[in-house]
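Shown next, in structure tokens, is the structure this report addresses.
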2 protein chains.
Amino acid sequence: MSQNKYLHIYNYLKEKISSKEFKPGEKLPSENYLTQTFNVSRNTVRRAISMLASDGIVTSVHGKGVFIMEAQPLNFMVGGLQGFKEASTSNDVEYSTSIPVFEDLIADESISKFSKFLLGTNLLKIYRIRNINGENVILDINYFNESVVSGLTVDIAKDSVYAYIEKELGLKISGAQKLISIEPATKDDKKYLDLKDNKLVAVVKNFVYLDDGTLFEYTESRHRPDRFTFSTFARRNY
Amino acid sequence: MSQNKYLHIYNYLKEKISSKEFKPGEKLPSENYLTQTFNVSRNTVRRAISMLASDGIVTSVHGKGVFIMEAQPLNFMVGGLQGFKEASTSNDVEYSTSIPVFEDLIADESISKFSKFLLGTNLLKIYRIRNINGENVILDINYFNESVVSGLTVDIAKDSVYAYIEKELGLKISGAQKLISIEPATKDDKKYLDLKDNKLVAVVKNFVYLDDGTLFEYTESRHRPDRFTFSTFARRNY
DNA sequence: CGTTATTTGTCCGTATGTATA
DNA sequence: ATATACATACGGACAAATAAC
């Protein structure tokens with residue numbers, strides 16, 4: 001009962017694909033077949049398949065079938081919405097997080113301008129330094145809407161903030177607008193990162209929304225350029 | 001008849017939102033209302049709404065309604081799948097394209113490795129230099145599967161390759177895997193771009209697939225870092 | 001080459017559940 | 001408690017593209 005039917009089928013197919021039981025270039029079982037074996041309606045099967053399609057894992061061809069993509073996203077989730085911890089544990093890297101800044105503040109005009117938080121909003125500002133294999137390569141500057149993440153502690157921030165928000169607080173994250181650019185290194189970048197002789201950093205600005213549309217987090221993720229990668233799947237729109 | 005119903009409703013709502021007739025923070029008309037006024041089934045309305053949601057334009061809240069996002073993507077399409085021309089015409093910029101390289105070649109081992117084209121594939125290699133407001137800021141290095149884009153000419157390449165592929169050849173593009181990184185400027189970058197004193201370039205590697213899952217294009221889009229931006233909306237997955 | 005079967009695409013109407021007002 | 005609104009799911013119909021015969 002715990003899981004929706006379309007999710008169950010989605011996860012089933014995804015598992016078969018990632019375990020190579022269903023191989024790239026081949027077709028998935030037909031919608032009709034899946035409908036019968038799972039004892040669900042065709043709509044439910046189609047929903048699961050369209051989720052796989054928007055992941056870039058399969059592509060449907062009218063009259064032929066649903067094909068498994070030849071070259072799949074290296075990581076099904078990179079470029080999606082996940083925290084640093086979730087991303088890190090999937091690979092074979094040693095990582096750690098340190099938190100040199102953890103303070104309350106109120107959104108003044110300059111903060112409001114870049115973060116899009118309303119003037120006067122109570123915010124929690126956190127710096128998180130991401131160390132990978134012994135080098136400080138990412139500086140995350142987080143601004144959280146304090147009224148949303150009231151009980152957040154340094155220990156939680158070292159672990160996974162998203163897990164805390166979703167599991168402990170029971171809030172749902174709708175999605176995030178991400179803006180990537182290349183910018184000159186700031187004083188903070190030089191202070192906290194092992195930049196070597198890099199003068200530029202790759203910046204990912206995240207505007208994260210709850211499912212009621214309220215902005216609850218603005219984060220600048222500042223990366224040493226040689227260690228920055230970002231992957232996403234773009235679907236042709238209509 | 002020309003347009004599907006769900007597309008019609010999708011475009012209708014999108015237009016109302018972008019013209020600010022429906023304002024950020026407000027709700028869309030309810031699914032029920034839209035069902036009646038458009039004389040369609042609720043499924044069809046929901047399909048249009050879910051497309052807006054995956055664009056990051058609206059977010060649905062159970063029991064409350066469908067809310068228009070406060071901060072919308074600057075450009076509904078950036079980060080999606082579109083050519084340079086389509087992106088450029090939407091803004092107030094002067095742009096032009098020059099093509100210093102336009103040649104056939106066969107995928108050898110090194111090309112095959114980075115492009116993922118099979119060894120021995122006949123390819124069309126094109127360099128396209130994108131000039132914006134008088135400066136060469138983007139170098140696009142395209143490798144097309146020649147058997148797919150057989151009739152492609154220099155003139156078409158100066159215009160929109162995607163329009164040619166979709167309208168002239170009647171092929172459908174399924175989507176593209178995009179990989180963003182920061183790399184040292186190559187000789188070609190220095191030769192073709194007005195790099196000033198930049199030593200790095202922002203690189204977007206595109207693996208573009210047709211709707212039957214075959215790879216038909218590999219493109220490296222190499223940007224002068226100060227002029228590079230990329231925007232995308234990431235939805236929380238399940 | 002035409003006919004039939006298979007497969008995905010679009011669309012409908014309905015029922016029930018759950019969250020919110 | 002009732003009404004509204006979105007979420008999940010069912011089953012059916014027909015169209016369109018492709019495959020098999």
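As the structure is a prediction and not an experimental result, all values here were calculated from the model.
- Atom P of nucleotide C:dG9 and atom CD of A:E31 are separated by 6 Å, given to the nearest angstrom.
- Picking from D:dT8, C:dT18, C:dT10 the nucleotide with the shortest atom distance to the side chain of B:Y6 gives C:dT10.
- For the pair A:Y33 OH and C:dT8 P, the computed distance is 14 Å after rounding to whole Å.
- Atoms NE2 (A:H8) and C1' (D:dA9) sit 15 Å apart, rounded to a whole Å.
- With hydrogens and angles left out, the side chain of B:H62 and the base of D:dA7 share no donor-acceptor pair within 3.5 Å.
- Nearest to the side chain of A:N43, among C:dC11, C:dT18, D:dA9, sits C:dC11.
- Atom CG in B:N4 sits roughly 14 Å away from atom C1' in D:dC14 (whole-Å rounding).
- Ring pair A:Y12/A:F38 is perpendicular by interplanar angle, where above 60° counts as perpendicular and below 30° as parallel.
- Rounded to an integer number of Å, the gap from B:K172 NZ to D:dT18 P is 8 Å.
- In terms of phosphate contacts, A:K5 brings a side-chain nitrogen or oxygen within less than 4.0 Å of OP1 or OP2 of D:dC10.
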Check the pair A:F207, A:L215 against side chain to side chain contact (heavy atoms under 4.5 Å, CB included), reporting the backbone distance first and the verdict last.
-> CA-CA 7 Å; A:F207 300 88; A:L215 176 64; 4.1 Å; yes

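- Judged by distance alone, the side chain of B:S181 and the main-chain N or O of A:T229 form no donor-acceptor pair under 3.5 Å.
- Candidate nucleotides D:dA13, D:dT8, D:dC6 were compared by shortest atom distance to the side chain of A:R42, and D:dA13 ranks first.
- Rounded to whole Å, atom P of C:dT7 lies 10 Å from atom CD of A:Q36.
- Among the nucleotides C:dC11, C:dT8, C:dG17, the one closest to the side chain of A:R46 is C:dT8.
- In this structure, B:R47 reaches the C:dT10 phosphate: one of its side-chain N or O atoms is under 4.0 Å from OP1 or OP2.
- Going from atom CD1 of A:I49 over to atom C1' of C:dT8 covers 9 Å, rounded to whole Å.
- In the set D:dT18, C:dC11, D:dA7, the nucleotide with an atom closest to the side chain of A:K64 is D:dT18.
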Step by step, work out the side chain to side chain donor-acceptor pair (under 3.5 Å) result for B:Y164 and B:D155.
-> CA-CA 11 Å; B:Y164 171 74; B:D155 278 343; over 6 Å; no

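- The side chain of B:S30 lies closest to D:dC6, out of D:dA19, D:dA16, D:dC6.
- Regarding B:F38, its CZ atom lies at a distance of 18 Å from the P atom of C:dT10, rounded to whole Å.
- At least one donor-acceptor pair under 3.5 Å links the side chain of A:K27 to the backbone N or O of A:K64.
- Residue B:S60 places no side-chain N or O under 4.0 Å from the OP1 or OP2 atom of D:dA5.
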